[in-house]
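Below: the structure, in structure tokens.
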Protein chains: 2
Amino acid sequence: MSRSAELTPTVENYLKHLFHQQQQSPDGWLPTGRLAACVGVTPGTATTMVKTLAEAGLVDYEPRGGVRLTSAGERHALGVIRRHRLIELFLVRELDLDWSEVHDEAERLEHALSDKVLERIDRLLGYPQFDPHGDPIPRAGGHVPTTEYQSLAECALHRAFVVARVTAQDAVFLQMIQRLHLVPGTRVVVEARDTAAQTVTVRPRSRPALNLGLPAAAKILVTAPG
Amino acid sequence: MSRSAELTPTVENYLKHLFHQQQQSPDGWLPTGRLAACVGVTPGTATTMVKTLAEAGLVDYEPRGGVRLTSAGERHALGVIRRHRLIELFLVRELDLDWSEVHDEAERLEHALSDKVLERIDRLLGYPQFDPHGDPIPRAGGHVPTTEYQSLAECALHRAFVVARVTAQDAVFLQMIQRLHLVPGTRVVVEARDTAAQTVTVRPRSRPALNLGLPAAAKILVTAPG
DNA sequence: GTAAAAATTTTGAGTATTCAAAATTGTATG
DNA sequence: CATACAATTTTGAATACTCAAAATTTTTAC
Ligand SMILES: [Mn+2]
Ligand SMILES: [Mn+2]
Ligand SMILES: [Mn+2]
Ligand SMILES: [Mn+2]
């Protein structure tokens, strides 16, 4: 996880998005069009960049087939994600920013921190495993702690769970989660699920029950309490 | 000191160097060649950039005459310097980095912090007036606290002073200052000054006297104690 | 007061990144 | 299978930044 190569912020962002998207598609190959969409550039731009990344040995590229991170690319991607998530936690814990607003800050800072500063932040925070959204923080060596989750869209009814992770970065959505008292750490019970109406009725510990749409519920991941 | 305009890091660096250099030359006009030298680009590059800055209303430019910051340019420059110095102090005080190494970190981070994060850091540090090197931190409004200094190259002999500021960013020089116990805050007496040999004999409070060359002594600024 | 030296600007070109629009390829449909 | 459609790639051009080297202007020195 050294930062010897010195990739540009642009390249780091491509790698990071590539990594996140690969987690989805199970064969690992990502169409360039999808990469373009999530990086926010036109398809042609992504194709060009992918060829550059392939030259640098960061991705494998099959024209008209898709892209996939090489192990070098994955290593760099994990480094960026590690910086991003440590920064987010730092901003929330030490500078008292709201968890809904740290993502965009981290998006810029993740390209500007040295390994040394990151190590100090890691130490200051006590070598944390999860960021404010419950996302796992990759270790310096590249290892990512994995946890088994279920989402509120699929977990058992009438059983106690704890919100462990909210897979969203949109500030408005996160603020809603906060308003609804569904932030990570909260104990919840799903009281009902209406597949036809696509709604879930959730009751946060010692709070009135509330209704969520299925897509929103799917973004709230829970684990068994304890 | 809003960051509405969103200047590029490159432009911010030019403005900052311009500001620092202008402090020297009293007429305020800086030759493009000098700007080039301290930004670290070729003369032609500086000329090109200066024309761009002039278009943006950040500098006045007289071909073959020199450059000078406009008030808009100065406002931006002070913003960058403020960020730089607050970051340096933050890195030393909160993350425990050595004062000799924070300059280069700050050089990158100064372009990545939002106003909001900066405000939090400012608050956390208790709205400090000086950075770890004794350099004044411009206020958000643009005001820069000024102090009268003398340097060890010119101050009175056999009189007690306090080191207030070390005008250098070079890590090796700063480490030497530290080894010699001449960091800001130290009480010192100049015991002798030999203009022919260009040396100054300084005695830090309760330490043996030591010899400095005149150029080094000139970088160590002192004030009356109290 | 001209010739050499120094500083500055201009020119031509390269890298990194991007877009719009045209060309290509692969796929699905009838 | 031929055609239509979608995805992808290519092409041509733009912006931001940079350098090397040529051209120009100013300064200095004799
Ligand atoms: Mn994030
Ligand atoms: Mn980013
Ligand atoms: Mn500094
Ligand atoms: Mn800088």
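Residue numbering restarts at 1 for every chain, and letters A, B, ... go by the order of the sequence lines.
One interatomic measurement links the two molecules: CD of A/E12 to P of C/dT17, which rounds to 11 Å at whole-angstrom precision. Per the geometry, CG belonging to A/L35 stands 14 Å off P belonging to C/dT17, to the nearest Å. Atom NE2 of A/H111 is separated from atom C1' of C/dA16 by 16 Å (rounded to the nearest Å).
Checked by atom type and distance alone, the side chain of A/R82 never pairs as donor or acceptor with a backbone atom of A/G142 at under 3.5 Å. In terms of modelled atom types and a separation under 3.5 Å, the side chain of A/T70 and the main chain of A/G57 share a donor-acceptor contact.
In this structure, A/R93 and A/L125 approach most closely via the heavy-atom pair NH2-O, 2.8 Å.
Of the residues in residues 16-24 of chain B, not one places a heavy atom less than 4.0 Å from an atom of DNA chain C.
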Scan nucleotides 5-23 of chain D nucleotide by nucleotide, 5' to 3', and note B when protein non-hydrogen atoms come under 4.0 Å of the base, S if they reach only the sugar-phosphate, - if neither.
--BBBB------SSBS---

Criterion side-chain contact (heavy atoms from CB on, under 4.5 Å) on B/Y149 and B/T147, from CA distance to verdict
CA-CA 6 Å; B/Y149 306 106; B/T147 318; 3.7 Å; yes

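Ring-centre distance between B/H103 and B/H84: below the 6.0 Å cut-off.
Residues B/V67 and B/D60 fail the side-chain proximity criterion, which asks for heavy atoms closer than 4.5 Å.
Counted within 6.0 Å of CD on A/Q24, heavy atoms from surrounding residues, nucleotides or ligands total more than 12; the atom is thus considered enclosed.
Between the side chains of B/T45 and B/T42, at least one donor N or O sits under 3.5 Å from an acceptor N or O.
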